[in-house]
Amino acid sequence: MRLGDINGDGRMEIVVAQPTDQTTLGDYGPQFAVCVTAYDLKGNQLWQYGTPGPTHTASSDIPIQVYDMDGDGKSEVFVNMSTTEMTVLDGTTGTVVRKISLPQAGSNDSIAFANLRGKAWPQDIIVKTRYSQEWAIVGIDDTTTPTTKAGTLLWNHKMLSKDSGMSDLGTGHYPLVYDWDADGKDEVMCGYDFLESDGTRQWTLNTTSHPALTMHADSIATGDMDANPANGYEIVVNGNVAAAFDWKTGTQLWQDTHTTEAQQLGMGDYRTDLAGLEVVLLDRLRTAAEGYKSNNVLVDQHDNLLWKENRPTNSGWLTVTENLNNWDGKGTDLIFSYRRDGKSDGSGGTGAYLYDGYGKTVASFPYSGSSAQSFAQHADLCGDDKEEVIQYDETTVWIYANGGCDLDAPPAHPTLPQQFHLYNWSIYTGWINPDVKFYTKQ
C-alpha cells in the first residue's frame, strides 16, 4: 500500500500493488508488480492497471511509490512492472503517462526519489539491484535542458569488495536521501556508503575499523540526535548491529550493545526530559534458542539503555517498528509497532501498538485479520494534522483515528504537501526526523 493525493482533491487516496509470484524470483530476487489498483478512503475502487492474478506473498518491498513529480498537485504512481522498465501512471485515471527504461535488467528492486540536481523539488530517481549496485536517473523530461530526458543516467554506484579492504555489505534494502550539507542537493546513504549528489563516495566502512558490521543495512535514520545543530544530523544504520555515525566524516559515534539483530529503527523525541533524540531499535530474535520474538529497545543519543522489552517466547519476530508523529495532536513522537502477537513460524503478527518513551502502551489497534502479510501505514487522512493508522492485509483495510474523522467533510486544505516517509516508503524503516514536507503545487 502507498498513500498520496492522486487526483488533487485535497485528500489521500490508497494505491496498492500486487506482486508477481515470489517463487519465480527466488528469496532474494528483486520484486515487480503485475497489477496496480487505486481506492478512495471509503474503499471505492477508482481505477486499475494491469491484471490481478493469484495472491502472492513477497519477502521485501514492492517497487511502487506515489509522488507528484510534475508539480500539478496530483501525484503520479511510479511502479516497476518488469525487470527492465518503470511505468508512470496518471493518478487520476490510471493511464500510462510514460515508461522509463531501467539502466540494467534487475535494477527494479526499489524506487527512491531524490533531488540530485538542485531542482525545486526531487525530480531524480534512485533504482538498484537487490544488493550490488544502484543508479541515479532523471525521472521526468527536463524542460530547461531538452536533451535530459526521463531515464537519463546521472551516475552508477557499485559496492566495493572486501578484496579492497572495504566492507562488502551491499546496498542495503533502501537508500536514505537528505541534503546533509545544505547545498540544495541531496546526498545518499547507500548501505554503509555515503555518496555526494554526483555519486562520488565521500566515506565508507572498512573491515579493519568496523569488523562487527558484517551484514547489509536494513534500515537507516537521520536527525539531530545530539541536539547540536552546528554539526548537522547524525545517521544511525541498522544491520546485524546498530551504529551511529557523523554524517560528514563517517566517524562512528557508537555501536549498540543492547540488541542481537537490530532490524528496524525509529528516531524521535520520545523522552522530552532528555536532550536530543532517542533511537528505538527492533531486536529480532528469530531462532528457537532466542525465543522467536521481537523486542523494542530504546536508547538515548549515546546508546545508553532506557528500557528494553522482553516479550513472551513464540510471540513472533516479524514486528516492524518506526516513528509516528502527532497521533495526539500535540506533535508528540511515539513508537509505532505492528505485526506483533505472532507465532514462532512467522505466520502471525497481526497486532499494532503505539508506545511512549517509557514503554507504556498509548493505543492499540484491534485487527480481525489473521494473515501473515498484514502491514500498516500512518498519515494525516482527515486533514486535522494528526496522523491516522491503517492496518491492511490482502483483502481488507482498517482505518483508526484518534478522535473524530469525517471523511464526508470538505478537505481541510486544497493541496497536500509531499511527505518523505510516504513518497519514499519502505518497510525497512528509519527516515528523517522531523519528516521532510514540501509543496510541489503552490
Side-chain angles (χ1 to χ4, degrees), residues 1-16 37-46 66 75 91 266 268-270 280 296 319-341 349-357 359-371 373-423 425 427 429 431 433-437:
M1 177 185 291
R2 304 292 184 265
L3 300 171
D5 184 1
I6 58 175
N7 53 20
D9 66 351
R11 285 198 187 281
M12 295 281 183
E13 282 78 40
I14 294 171
V15 179
V16 294
T37 311
Y39 302 88
D40 65 21
L41 292 176
K42 292 186 176 182
N44 300 305
Q45 182 174 311
L46 303 176
V66 174
S75 290
D269 191 10
Y270 306 120
V280 59
N296 284 323
T319 295
V320 176
T321 286
E322 59 197 51
N323 186 66
L324 189 153
N325 178 259
N326 206 27
W327 168 257
D328 56 9
K330 301 176 182 177
T332 307
D333 283 329
L334 294 169
I335 297 164
F336 182 53
S337 296
Y338 61 92
R339 302 182 79 181
R340 313 215 89 180
D341 306 333
T350 57
Y353 301 86
L354 268 176
Y355 307 98
D356 66 15
K360 177 184 175 182
T361 301
V362 174
S364 59
F365 306 94
Y367 169 75
S368 58
S370 60
S371 168
Q373 291 300 307
S374 62
F375 289 95
Q377 286 265 25
H378 51 91
D380 177 14
L381 305 178
C382 303
D384 58 2
D385 295 325
K386 294 187 295 185
E387 289 210 323
E388 283 68 51
V389 169
I390 297 177
Q391 285 200 87
Y392 63 99
D393 60 18
E394 291 100 329
T395 64
T396 310
V397 169
W398 293 259
I399 300 178
Y400 305 86
N402 182 11
C405 179
D406 183 0
L407 296 180
D408 291 318
H413 309 285
T415 303
L416 297 180
Q418 304 299 299
Q419 190 168 349
F420 186 95
H421 96 266
L422 296 180
Y423 70 75
W425 189 89
I427 194 174
T429 58
W431 302 310
N433 191 302
D435 200 359
V436 173
K437 296 181 182 181

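This one's a predicted model, so the numbers in the text were calculated from it and none came from an experiment.
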**Student:** Name each donor-acceptor pair under 3.5 Å that joins a side chain in residues 407-416 to protein atoms two or more places apart or in another chain, with its distance.
**Tutor:**
{"residue": "Asp408", "atom": "OD1", "partner": "Lys42", "partner atom": "NZ", "Å": "2.2"}
{"residue": "Asp408", "atom": "OD2", "partner": "Lys42", "partner atom": "NZ", "Å": "3.4"}

**Student:** What are the two closest heavy atoms between Ala352 and Phe336, and how far apart are they?
**Tutor:**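 Result for this residue pair: CB-CE1, 4.1 Å.
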**Student:** According to side chain to side chain contact (heavy atoms under 4.5 Å, CB included), who are the partners of Ser364, at least two apart in sequence or on a separate chain?
**Tutor:** Tyr353
**Student:** At their closest point, which heavy atom of Val66 faces which heavy atom of Gly4, and how far apart are they?
**Tutor:** CG1-CA, 3.8 Å
**Student:** Ignoring hydrogens and geometry, is there a side-chain-to-backbone donor-acceptor pair from Gln377 to Met1 under 3.5 Å?
**Tutor:** yes
**Student:** I would like to know whether Leu324 and Val389 meet side chain to side chain contact (heavy atoms under 4.5 Å, CB included); could you show each step before the answer?
**Tutor:** CA-CA 9 Å; Leu324 189 153; Val389 169; 3.9 Å; yes
**Student:** Tell me the closest heavy-atom pair linking Ser337 and Asn296, and the distance in Å.
**Tutor:** OG-ND2, 2.9 Å
**Student:** Can you name the side chain to side chain contact (heavy atoms under 4.5 Å, CB included) partners of Asn325, sequence neighbours left out?
**Tutor:**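 For Asn325, the residues satisfying side chain to side chain contact (heavy atoms under 4.5 Å, CB included) (neighbours in sequence not counted) are Asn323, Asp333.
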**Student:** Considering residues at least two apart in sequence or located in another chain, which fulfil the salt bridge (Lys or Arg N to Asp or Glu O under 4.0 Å) criterion with Asp406?
**Tutor:**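 None.
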**Student:** Which heavy atom in Lys437 sits nearest to a heavy atom in Pro417, and how many Å separate them?
**Tutor:** CB-CB, 4.4 Å
**Student:** I'd like to know whether the aromatic ring centres of Phe365 and Trp327 sit less than 6.0 Å apart in this structure.
**Tutor:** yes
**Student:** If we ignore hydrogens and angles and just use 3.5 Å, is the side chain of His421 paired with the main-chain N or O of His378 as donor and acceptor?
**Tutor:**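 Such a contact is found between His421 side chain and His378 backbone.
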**Student:** Report the distance from atom CD1 of Ile14 to atom CD1 of Ile390, rounding to the nearest 0.5 Å.
**Tutor:**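 Rounded to the nearest 0.5 Å, the CD1-CD1 separation comes out at 4.5 Å.
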**Student:** Quick check for you: to the nearest 0.5 Å, what is the distance between Arg340 atom CZ and Thr319 atom OG1?
**Tutor:**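 Those atoms lie 4.0 Å apart.
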**Student:** Looking at residues at least two apart in the chain, or sitting in another chain, which of them share a side chain to side chain contact (heavy atoms under 4.5 Å, CB included) with Thr332?
**Tutor:**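 Result, side chain to side chain contact (heavy atoms under 4.5 Å, CB included) vs Thr332: Asp328, Lys330, Leu334.
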**Student:** Applying side chain to side chain contact (heavy atoms under 4.5 Å, CB included), run through Glu13 and Asp5 and close with a yes or a no.
**Tutor:** CA-CA 6 Å; Glu13 282 78 40; Asp5 184 1; 3.3 Å; yes
**Student:** Sequence neighbours left out, what passes salt bridge (Lys or Arg N to Asp or Glu O under 4.0 Å) with Lys360? Give chain and number order.
**Tutor:** none
**Student:** Looking only at heavy atoms, what is the nearest atom pair of Leu422 and Met12, with distance?
**Tutor:**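 Scanning both residues, the minimum pair turns out to be CD1-CE, 3.5 Å.
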**Student:** Quick one: does any side-chain atom of Glu322 pair with a main-chain N or O of Thr429 as donor and acceptor, under 3.5 Å?
**Tutor:**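 Answer holds: no.
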**Student:** Which heavy atom of Leu3 sits nearest a heavy atom of Ala379, and at what distance?
**Tutor:** CD1-CB, 3.8 Å
**Student:** Tell me if a side-chain donor or acceptor on Glu388 pairs with a main-chain N or O of Cys382 at a distance below 3.5 Å.
**Tutor:**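 Yes, because the side chain of Glu388 sits within donor-acceptor range (under 3.5 Å) of the backbone of Cys382.
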**Student:** Using the side chain to side chain contact (heavy atoms under 4.5 Å, CB included) rule, take Leu46 and Ile6 through it: C-alpha gap first, then chi angles, then the decisive distance, then the call.
**Tutor:** CA-CA 10 Å; Leu46 303 176; Ile6 58 175; 4.3 Å; yes
**Student:** Where the side chain of Ser374 meets the backbone of Arg339, is there a donor-acceptor pair that is under 3.5 Å apart?
**Tutor:** no
**Student:** Could you go step by step and tell me if Asp393 and Trp398 meet the side chain to side chain contact (heavy atoms under 4.5 Å, CB included) rule?
**Tutor:** CA-CA 9 Å; Asp393 60 18; Trp398 293 259; 3.8 Å; yes
**Student:** So, taking the atom named CG in Asp269 and the one named CG in Asn433, what distance separates them when rounded to the nearest 0.5 Å?
**Tutor:**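 Going from CG on Asp269 over to CG on Asn433, the span is 8.0 Å.
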**Student:** Does any part of the side chain of Thr321, heavy atoms only, come nearer than 4.5 Å to the side chain of Ile335, both counted from C-beta?
**Tutor:** yes
